[in-house]
Asker: 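Got a structure for you, written out below as structure tokens; questions coming shortly.
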Amino acid sequence: MKISITAILFMTFFFVFPSLAQHGEHEHNHNHEGQVAEPSAASNDTGNAACEDTINIKVSGLVCDFCARSLEKVFLKRGDVGGIKVDLGKGSIVVAMKPGLTIDDATITKLIADSGYNVSAIHRGCEHG
Amino acid sequence: MKLTVFTLCCVILMGYAPQSLSRPVSYPGGWTVMQKNDKNAHSLHVHYSPTAKYSIGYRTEYWRGEEWQFHGAQLNYLVKRHNAATSQANFYLKGGLGIAYGDLGVPDGEAQPAAFADIALDWETRRYFTSYENRVYYAEDIAKFFRQKARVGIAPYIGDYGDIHTWLMLQVDHITGERDNISFTPFVRFFKNEYLAEVGISDKGGILFNLIIRF
């Protein structure tokens with residue numbers, strides 16, 4: 001009986017909070033299969049993406065949280081982007097690509113411009129630490 | 001005299017201030033809802049941005065004192081945006097075309113063509129905000145006037161991305177016509193994620209309440 005109740009509670013919990021369920025799945029993949037988990041598409045989250053699958057973009061004009069939401073909207077519409085993290089303090093964003101996928105610099109520049117900003121620099125992979 | 005005082009205030013405010021959170025142009029495919037209220041009027045503007053340069057949408061306004069309302073289409077155009085390392089500045093042109101209904105001076109329920117034109121400037125950093133906007137209204141026998149407003153603001157703390165952000169702001173409003181006056185409205189702006197709200201009260205006792213949601 002207790003097991004049934006616990007199972008129902010768990011199912012309800014993961015149904016109501018799918019993002020948490022997704023997070024749990026990431027941890028499972030990472031811990032038990034030794035694979036790099038696919039980054040979450042949740043806002044301001046690059047998940048557990050390995051650094052080689054990330055792009056660090058220095059963005060000018062990045063001063064407003066409310067306006068910077070456009071970066072998430074624009075990048076997360078793409079199927080090849082797993083997650084995005086905005087850092088207003090550094091004036092940069094980190095884009096986590098899905099494993100094996102990438103975006104060329106010209107497309108990044110256009111996406112940033114569509115979001116209302118300008119690109120100052122693009123660093124790929126682990127070079128930005 | 002009032003115009004001189006207002007202009008002086010604007011110059012001072014523009015000199016000190018910085019940030020435009022209520023961008024009238026969003027990202028391609030983005031929708032924005034703006035609902036604003038002050039002692040003069042209530043307005044609703046819903047716009048869609050096909051590109052990052054312009055947006056189109058529906059606007060309605062109700063002016064309480066004169067009891068007239070506007071319904072029409074509005075075009076917002078980003079003329080120039082300057083992105084610097086720690087600041088952003090914008091220059092917009094806006095225009096609206098539609099119809100106005102008024103209860104005073106014209107037969108009840110009679111619609112008349114109406115239009116407005118608008119210039120908006122802003123500059124912002126993470127700490128400071130300043131903006132200036134003016135608008136000319138024309139609605140045949142119902143209303144003809146000029147309105148301008150300037151805003152300055154300061155963030156008492158610098159929040160990270162995703163935090164609740166708070167701004168302490170002051171709006172100076174000048175309107176011509178029968179209402180001819182200058183008002184000062186201190187208000188607080190809050191925003192988190194895609195939601196922004198402003199609450200304040202003017203020196204004339206009018207309540208300011210604005211809400212902006214971006215999709």
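A note on names: the letters A, B, ... follow the listed sequences, proteins ahead of strands, and every chain is numbered from 1.
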Asker: Can you confirm whether B:F191 sits close enough to A:D65 that some side-chain heavy atom of one is under 4.5 Å from a side-chain heavy atom of the other?
Answerer: yes

Asker: What part of A:K58 is in contact with chain B, defined as an atom under 4.5 angstrom from a non-hydrogen atom: side chain, backbone, both or neither?
Answerer: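 Contact with chain B is absent: no heavy atom of A:K58 under 4.5 Å.
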
Asker: Would you indicate whether the side-chain heavy atoms of A:K73 and B:R214 approach each other to under 4.5 Å?
Answerer: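 No, every pair of side-chain atoms sits at 4.5 Å or beyond.
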
Asker: Does A:K90, at its NZ atom, have more than 12 non-hydrogen atoms belonging to other residues, nucleotides or ligands within less than 6.0 Å?
Answerer: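 Incorrect, the count does not exceed 12.
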
Asker: Do other residues, nucleotides or ligands put more than 12 heavy atoms under 6.0 Å from B:I158 CD1?
Answerer: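 Counting other residues, nucleotides and ligands, CD1 of B:I158 exceeds 12 neighbours.
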
Asker: When rounded to the nearest 0.5 angstrom, what distance separates CG in B:L196 from SG in A:C64?
Answerer: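 These two atoms lie 8.5 Å from each other.
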
Asker: For residues A:A113 and B:A52, report the shortest heavy-atom separation together with the two atoms involved.
Answerer: O-CB, 4.0 Å

Asker: Under 3.5 Å, is there a donor-acceptor pair between the B:Y27 and A:E72 side chains?
Answerer: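 Short answer, no.
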
Asker: Compare every heavy atom of B:R126 with every heavy atom of A:V63, then report the nearest pair and how far apart it is.
Answerer: O-CG, 3.3 Å

Asker: For chain A, which of B:P28, B:S49, B:A85, B:S87 has the most heavy-atom pairs under 4.5 Å?
Answerer: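 So the answer, after comparing B:P28, B:S49, B:A85, B:S87, is B:P28.
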
Asker: Where on A:S120 is there a heavy atom nearer than 4.5 Å to chain B: the side chain, the backbone, both, or neither?
Answerer: neither

Asker: After noting the C-alpha distance and the side-chain angles of B:Y161 and A:R69, does the key distance pass the side-chain contact (heavy atoms from CB on, under 4.5 Å) rule?
Answerer: CA-CA 9 Å; B:Y161 191 72; A:R69 296 286 150 184; 3.6 Å; yes

Asker: What's the separation between atom SG in A:C67 and atom CD in B:Q88, rounded to the nearest 0.5 Å?
Answerer: 6.5 Å

Asker: For B:L168, is the CG atom crowded, meaning more than 12 foreign heavy atoms sit under 6.0 Å from it?
Answerer: yes

Asker: Can you tell if the side chain of A:F66 reaches within under 4.5 Å of the side chain of B:H165, non-hydrogen atoms only?
Answerer: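 A:F66 does not reach B:H165 side chain to side chain.
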
Asker: Considering residues, nucleotides and ligands other than A:K110, do more than 12 of their heavy atoms fall under 6.0 Å from its NZ?
Answerer: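 Counting neighbours around NZ of A:K110, 12 or fewer heavy atoms of other residues, nucleotides or ligands fall under 6.0 Å, so no.
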
